[in-house]
Number of protein chains: 2
Amino acid sequence: MKDLTAQQSKVLNCIEESINKTGFPPTRAEICQKLGFKSPNAAESHLRALEKKDIISIAGGSSRGISIKNKKSSSGGSVPVIGLVAAGSATLASENIEREINVDPSLFSRNVDYFLKVKGLSMIEDGIYEDDLVAIHKTNDFKNGDLAVVRTEDDVTLKYIFKENHKLLLKPANKDFDPIHIDLRNESAEVEGIGVGLIRKN
Amino acid sequence: MKDLTAQQSKVLNCIEESINKTGFPPTRAEICQKLGFKSPNAAESHLRALEKKDIISIAGGSSRGISIKNKKSSSGGSVPVIGLVAAGSATLASENIEREINVDPSLFSRNVDYFLKVKGLSMIEDGIYEDDLVAIHKTNDFKNGDLAVVRTEDDVTLKYIFKENHKLLLKPANKDFDPIHIDLRNESAEVEGIGVGLIRKN
DNA sequence: AAAAATACTATATATTTATACAGTATAAAA
DNA sequence: TTTTATACTGTATAAATATATAGTATTTTT
């Protein structure tokens, strides 16, 4: 990312302040007033510079149409919690959003789309316990050994995933549980996302 | 809090959606468009109703001047991360704040004062791994069996705590580690806080 | 039964606001 | 050295927007 100039930082700061304080972005005039500019074009050109550097986006033709890109946390860091229902291998209640929690997106390595509330003990040997919230990044791209949310024909399960040609291995971390073997020629299976973190409440 | 009517809920929802999606509140016209109203005054009066019920506030004379009230704190959501240095039983670098992360205070059962970054494997059998962030609630009050941050004469360690008269037992969750016995008549020990949760990054 | 709140359409307008255009000046990059 | 980016003032204006006023109709509260 390109560096911002001192003035551009001030303008960006002014935008953030406005959003935090009032709940909405500032107008050009307000930026000018706060930073002591006498021409609205002073604000305008700084905004365009910030837009060019991909720091903000400006909605054309609408007032206060400024939004800060790749916004860390803020207040919009709300992530849904979805519960797995059954034990062991489980059924995802697709729209079963239990609640929403606020998390800092910068916390985890990848963007968190939802938290999966773990039911069952299939991953207990790797420190994933019942009722833990596993942070899921939605993707169907994975590497062998990733912790994946996999939708099989009638189940959704959280396991380590390994793929070799047409064979899919879903491996639990509990010696009392058997690995699941899926032959993709006969059965369908889809990776919904991969685990990028975990939250546990005692 | 007074109940909202169905229409008022829709309008509120529309405002929230706009803020989430675009980064700024909607105009009257935009609300009308989304909800199918044909007069800007339809939106206006619903907004005034929501204002009267203290759900939103409307900044007079400014465009998109809508903000949703009592938005959940977000203020005190910044919590420091402190690293434990050595392995097994460790030394707390007291003011060694690695960084700050934003968490939803309602996430854990008790208020989180800081996160302790775990070093070592002494709690591994209970799913607390190296580099996990254990949410610590500062207190010197504890129950037997609590996960506690204990400052001994020259160490700080995270263990299960048990107290019986003058004897303190600090119990790891790893059979390769020995429990620590402290005789409070000879040695001093202080409970800095107790663990109320955990965050892991993969 | 009357008053107040809800739920709108319809029209109008003062004000807010984005945004273009014309300059000036300096610093940095090509 | 010429171009590009930065950093503004100053003026102007079309378009966006809040907001008032005038109605109608239904539901809820008092």
Within the pair [X] and [N], is there a side-chain N or O less than 4.0 Å away from OP1 or OP2?
| X | N | result |
| --- | --- | --- |
| B:Ser63 | C:dT16 | no |
| B:Gln8 | C:dT6 | yes |
| A:Lys53 | D:dT6 | yes |
| A:Ser39 | D:dC8 | no |
| A:Arg28 | C:dT17 | no |
| B:Thr5 | C:dA7 | yes |
| A:Lys52 | D:dT4 | no |
| B:His46 | C:dT6 | no |

Between atom [atom1] in [X] and atom [atom2] in [N], what is the gap in whole Å?
| X | N | atom1 | atom2 | result |
| --- | --- | --- | --- | --- |
| B:Leu47 | C:dT6 | CG | C1' | 14 Å |
| B:Ile31 | C:dA7 | CD1 | P | 14 Å |
| B:Ile66 | D:dT17 | CD1 | P | 11 Å |
| B:Glu30 | D:dT19 | CD | C1' | 16 Å |
| A:Glu44 | D:dT9 | CD | P | 14 Å |
| B:Ile58 | D:dT19 | CD1 | P | 7 Å |
| B:Gln7 | D:dT26 | CD | C1' | 13 Å |
| B:Glu51 | D:dA18 | CD | P | 13 Å |

Run the salt-bridge test on [X] and [Y] with the 4.0 Å N-O cut-off and return the result as yes or no.
| X | Y | answer |
| --- | --- | --- |
| B:Lys119 | B:Asp131 | yes |
| B:Arg48 | B:Glu51 | yes |
| A:Arg151 | A:Glu190 | no |
| B:Glu30 | B:Arg64 | yes |

| field | Minimum-distance nucleotide (side-chain atoms of B:Pro40 versus D:dT9, C:dA12, C:dA18) | value |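 Among D:dT9, C:dA12, C:dA18, the one nearest the side chain of B:Pro40 is C:dA12.
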
| query | For DNA chain D, whose closest nucleotide is more 5', that of B:Arg48 or that of B:Asn41? | reply |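 Going by which nucleotide is closer to the 5' end, it is B:Arg48.
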
| field | Contact nearer the 5' end of DNA chain C, comparing B:Gly36 with B:Arg64 | value |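 That would be B:Gly36.
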
| request: Measure from the ring center of A:His137 to the ring center of A:Phe108 and say whether it is less than 6.0 Å. | output: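 When the ring centroids of A:His137 and A:Phe108 are compared, they turn out to be at least 6.0 Å apart.
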
